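All values derive from a computational prediction rather than experimental measurement.
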Amino acid sequence: MRKMQINLKTIWIIVTIIASAFIAGPALAQDAAPGASAALERALDDVSGDGQPLSTTLQILIVMGLLTILPSIVLMMTSFTRIIIVLSILRHALGLQQTPPNQVLIGLSLFLSLFVMAPSIEKINEQAITPYSADEITLTEAIDRSGKVMHKFMAKQTRQSDLRLFMDLANEDGFESTEDIPFSIMLPAFVTSELKTAFQIGFLIFLPFLIIDLVVAAVLMSLGMMMLSPVIISMPFKLLLFVLVDGWALTMGSLAASFAS
């Protein structure tokens with residue numbers, strides 16, 4: 001992957017385009033979208049002084065303001081939701097309350113999400129950020145291209161049943177293809193599908209550890225050791241099983257592979 005030089009202007013462009021992609025994207029093809037996009041460009045032109053570069057102070061203010069919506073974008077439009085849920089279920093299946101700690105799980109989820117989203121990020125950089133930085137395309141076109149990339153990623157991971165559910169709730173129908181579905185329908189359908197998939201993967205991970213708990217509890221009951229907590233005895237066996245099968249590599253690899261197109 002080509003290295004990108006990140007500076008303040010580049011960060012502002014990336015945050016602006018990705019944040020705006022949630023509102024725009026395929027919706028730009030609808031009747032009201034061109035007016036909204038034109039209004040957005042006029043507003044930015046007015047703020048920047050008819051195309052003149054923003055001052056450093058104003059750039060910092062804009063970046064810090066846009067950063068407040070990045071957590072929602074990361075959670076709802078990427079692979080982060082599925083990954084963090086599966087890792088949390090894995091920790092509970094092992095019987096560990098705070099190991100690994102929440103900060104470690106979130107860090108693992110973020111970096112694995114970056115790995116999964118790397119092709120999409122590269123496409124956004126090549127098709128939207130780089131041309132826009134070189135003044136080859138307008139902001140509206142950059143938002144449109146970025147939105148299409150994110151929309152395509154979410155469409156691949158979304159179940160048709162969930163799309164149909166939210167289309168019925170919104171009283172919308174007659175879309176010729178998934179590219180025509182607006183973000184107002186695609187995003188909740190994507191999140192619902194991610195929750196379903198995460199819990200399905202979590203169940204498969206939880207099952208072998210549950211069997212170990214049941215076996216240990218049955219053995220302790222047969223020995224009359226009812227006062228001894230089965231968790232104390234089963235935890236070493238679960239950790240041993242997890243280490244022997246190289247559990248972390250298997251889990252992380254399976255999660256990354258679950259997003260393959």
Side-chain angles (χ1 to χ4, degrees), residues 70-121 153-163 165-166 187-261:
L70 277 183
S72 298
I73 297 176
V74 172
L75 287 175
M76 298 304 171
M77 298 182 67
T78 67
S79 58
F80 181 85
T81 301
R82 182 190 304 185
I83 295 172
I84 189 63
I85 291 176
V86 171
L87 293 182
S88 299
I89 293 177
L90 173 61
R91 182 173 66 178
H92 287 290
L94 290 170
L96 305 173
Q97 299 299 323
Q98 296 297 330
T99 305
N102 293 330
Q103 292 85 346
V104 174
L105 289 186
I106 294 175
L108 287 173
S109 301
L110 285 174
F111 283 110
L112 187 56
S113 297
L114 288 175
F115 175 80
V116 172
M117 299 300 299
S120 299
I121 295 175
F153 169 79
M154 291 190 292
K156 290 181 178 179
Q157 310 301 326
T158 305
R159 292 177 170 85
Q160 294 297 322
S161 58
D162 295 323
L163 278 175
L165 169 64
F166 287 96
L187 185 56
F190 169 74
V191 174
T192 303
S193 292
E194 287 295 282
L195 291 176
K196 289 181 180 179
T197 304
F199 276 90
Q200 289 177 354
I201 298 175
F203 171 77
L204 296 176
I205 292 176
F206 210 108
L207 193 58
F209 299 111
L210 178 61
I211 294 175
I212 294 177
D213 286 332
L214 292 175
V215 171
V216 171
V219 171
L220 292 178
M221 288 289 291
S222 63
L223 295 176
M225 304 175 66
M226 294 177 293
M227 300 302 295
L228 181 61
S229 174
V231 177
I232 299 177
I233 307 300
S234 64
M235 185 181 297
F237 290 100
K238 291 190 287 187
L239 291 177
L240 178 62
L241 173 64
F242 193 68
V243 171
L244 289 177
V245 301
D246 197 7
W248 283 115
L250 184 61
T251 301
M252 303 294 276
S254 300
L255 278 173
S258 67
F259 290 94
S261 56

Between [X] and [Y], what is the shortest heavy-atom contact and its length?
| X | Y | answer |
| --- | --- | --- |
| Ser113 | Ile83 | OG-CD1, 3.7 Å |
| Val216 | Ser234 | CG2-CB, 3.9 Å |
| Phe153 | Met117 | CZ-SD, 3.3 Å |
| Ile89 | Ala198 | CD1-O, 4.3 Å |
| Ile84 | Thr81 | CG2-O, 3.3 Å |

If you round to the nearest 0.5 Å, how far is [atom2] of [Y] from [atom1] of [X]?
| X | Y | atom1 | atom2 | answer |
| --- | --- | --- | --- | --- |
| Ile106 | Leu110 | CD1 | CG | 7.5 Å |
| Phe206 | Ile211 | CZ | CD1 | 12.0 Å |
| Leu207 | Ile212 | CG | CD1 | 10.5 Å |
| Ser109 | Met252 | OG | CE | 7.0 Å |
| Phe80 | Leu114 | CZ | CG | 10.5 Å |
| Phe199 | Ile85 | CZ | CD1 | 5.5 Å |

- Could you tell me how the ring of Trp248 sits relative to the ring of Phe242: parallel (under 30°), tilted (30 to 60°) or perpendicular (over 60°)? perpendicular
- Name the one of Ile233, Leu239, Ile232 that satisfies side chain to side chain contact (heavy atoms under 4.5 Å, CB included) with Met235? Leu239
- Item | Any pair counted as salt bridge (charged side-chain N to carboxylate O under 4.0 Å, His left out), so long as it reaches residues 209-219, sequence neighbours left out | Asp213-Lys238
- Message: If only side-chain N and O atoms count, and only distance matters, is there a donor-acceptor pair under 3.5 Å linking Asp162 with Thr192?
- Response: no
- Message: Any non-hydrogen side-chain atom of Ser254 less than 4.5 Å from a side-chain atom of Ile201?
- Response: no
Measure from the side-chain N and O atoms of [X] to the backbone N and O of [Y], and report whether any donor-acceptor pair falls under 3.5 Å.
| X | Y | answer |
| --- | --- | --- |
| Ser193 | Arg159 | yes |
| Arg82 | Glu194 | no |
| Gln157 | Phe259 | yes |

- Is there a side chain to side chain contact (heavy atoms under 4.5 Å, CB included) between Phe209 and Leu90 once you walk through the steps? CA-CA 9 Å; Phe209 299 111; Leu90 173 61; 4.2 Å; yes
- With Thr251, which residues qualify under side-chain hydrogen bond (donor to acceptor under 3.5 Å, both in side chains), at least two apart? none
